[in-house]
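Input: a single structure, listed below in structure tokens.
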Amino acid sequence: MKPIGTVITTEESPSTSEFSFVFDPNEKGVKKGQYVQTDSEQGTVFGYIAEIFRSNRYFERAESVAEYERVSAMSNNFPTSSWEYIIAQVKVLGVSKEKFFQRCSIPPVPGAKMFSADEQLLKHFLGLKDNGLLIGKIQHHSTEARLDLTRLVQKHLAILAMSGAGKSHLSTVLIEELLDRKREDGRIAVVVIDIHGEYMGFADGAYADRTKIINVGDRKRGFAYPMRKVIPEMIEEWMPMLSYAQKALLHNILTELHSEYKKNRKAYGFKDLMARIDEYQQENSKTDKNVKPALKRTLRELQRMRLLSENRENPRLLEDVKPGNLLVMDFSEVDSLRKKQVIVSMMARKLFNLRRKGRIPPFLLVVEEAHNFAREKAEENEAVSRSVIETIAREGRKFGAALCLITQRPVNLSTTALSQCNTHIILRVTNPNDLDHIQQSSEGIDARIAKSITSLRTGEGIIVGEATNAPIFVDVRNIRIRKKEKGRPLAELAAEFERMREKREEDAEAFL
Ligand SMILES: Nc1ncnc2c1ncn2[C@@H]1O[C@H](COP(=O)(O)OP(=O)(O)OP(=O)(O)O)[C@@H](O)[C@H]1O
Ligand SMILES: [Mg+2]
């Protein structure tokens, strides 16, 4: 291996946490963010280049530079560029000795030669796996970023970035990797809460036979859940504003309807529930007369969502959640946030319960716009899905129920949920509030890394946390599916609008 520079002495280094090395300006193989190594008595010291400084003693003293420059440019008279040198500041990550990694306890020796990190060692050091999920390439190295499935997913994952930075692209990459896994490596099921119809591409091509897409808002083939499977606690969760008396009444009626169903197998729907409330004889005539109408008023909101049916059930989680398969819940045609929250809460709770009983395989639930489903500050009835997401975040790892929370507003995402996401993948973020929040909630993001988050380009990301032993900068790979999104480009919509209007005017003229 060819050395890239030499360790130097500065006022405070080399130390066990930081040191600098000087390198030739013509050396092209040294970049900020690159992993480097050098030998010491302890073993191979491993670190990354945190910053690069350029220096030239010729230009150190302002007054003489100004004086010379007045006469003629300094560089015309002196070989100034040959005095130029470049210093790289290295942050120490650890020391490797005979395949083990230790904390650095002896600083490297000034004068020691620096090398770019050995690829094998780098992989080992970062904790990458040959059969891991291929997210992309490690920046400045040819090493593939292959993350261990268990380490990445088991303790949940958050993808944090501003709008348009590539969150859905990255989660598409992740899903492709999960669907491509070999059976012997362990396959999990994937369920996506797709708010804007960004995962339609899975329905064509290589993954079509393993993908089911549900257009949630479709009247006939969209989401549906049979009334007879609804227990009172579910409605109480969706409608937290029910009073104690209303809950008691609802409880009685649902129990009654269900026990009748058990006897005669006659399915019942929302209408039956409402009718039964009207018919219900309250034994205690002193009970408030307002209970029935109040309960009905609240239930009518649920009825309008058209989620509960007599018989239809879609998705059927027991059949639709399979190892190596994908279930996409496409919410792009659902407008009401409350309705989305109710469905997400219903599905997440069901998934978690089925998984706890071992009736479905371990799964990853990908939630786009997670801040809308687990909001940090929310009114009671706006927080319907938060409690189940927080429950999975806290307890899911014991059962193989994993979350991937995606958000462009990390500040608004439940701190409980976010803090349980042990791996964070961060793409570009420029909003200072979000940046602060990310720095506080992501372990391993120091001020220097935080600074580089604002200048990430689309396709670049930083992985920190459980999935890796040290922060990694990655170039996210291309996706394999053909991208297909719901919704049409603005220009197309605009053109169509004008075409239609012209046509209407022509028609009107023709009529006159
Ligand atoms: N690694 C990448 N390589 C190539 N193109 C990418 C990459 N990441 C993202 N893009 C492109 O950048 C654009 C924005 O990406 P994407 O839709 O994933 O962003 P997003 O963060 O999900 O945005 P939104 O917040 O609007 O949902 C897309 O056109 C996508 O194809
Ligand atoms: Mg997106």
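Quick caveat, the model's predicted, so the values are computed rather than measured. Note that ligands are numbered from 1 as they come in the structure, with each ligand's atoms numbered from 1 the same way.
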Taking 4.0 angstrom as the limit, do [X] and [Y] come out as a salt bridge?
X	Y	result
D130	K123	yes
E466	R151	no
K229	E313	yes
E144	R146	yes
E177	R480	yes
R448	E51	no

Is the shortest distance from a heavy atom of A165 to ligand 1 less than 4.0 Å?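 Yes.
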Among E237, E233, E390, whose salt bridge (Lys or Arg N to Asp or Glu O under 4.0 Å) with R349 holds?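 Result: among E237, E233, E390, E237 is the only option passing the salt bridge (Lys or Arg N to Asp or Glu O under 4.0 Å) with R349.
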Answer with side chain, backbone, both or neither: which part of [X] has a heavy atom less than 4.0 angstrom from an atom of ligand 1?
X	answer
K483	side chain
V476	both
H196	neither

Students should be able to answer this: which protein heavy-atom is nearest to [atom], and at what distance?
atom	answer
atom 23 (O) of ligand 1	G164 N, 2.8 Å
atom 19 (O) of ligand 1	G166 N, 3.1 Å
atom 26 (O) of ligand 1	S163 OG, 3.2 Å
atom 18 (O) of ligand 1	H169 N, 2.8 Å
atom 17 (O) of ligand 1	E198 OE2, 3.8 Å
atom 12 (O) of ligand 1	T458 CG2, 3.5 Å

Got a sec, which residues hit side-chain contact (heavy atoms from CB on, under 4.5 Å) with K28, two or more places apart in sequence or on another chain?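 None.
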Measuring to the Mg ion (ligand 2), does S163 have an N/O/S atom at a distance below 2.8 Å? no
With a cut-off of 2.8 Å, does any N, O or S atom of E198 fall short of it relative to the Mg ion (ligand 2)? yes
Close-contact set for ligand 1 against [X] heavy atoms, below 4.0 Å:
X	value
K167	18 (O), 19 (O), 20 (P), 21 (O), 22 (O), 23 (O), 24 (P), 25 (O)
S168	18 (O), 20 (P), 22 (O), 27 (O)
G459	1 (N), 2 (C)
N478	3 (N), 4 (C)

Write out all pairs satisfying side chain to side chain donor-acceptor pair (under 3.5 Å) with one or both partners inside residues 315-324, taking only residues at least two apart or from two chains.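 Non-adjacent pairs meeting side chain to side chain donor-acceptor pair (under 3.5 Å): K212-D320.
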How about N314 and Y225: does a side-chain donor come under 3.5 Å of a side-chain acceptor? no
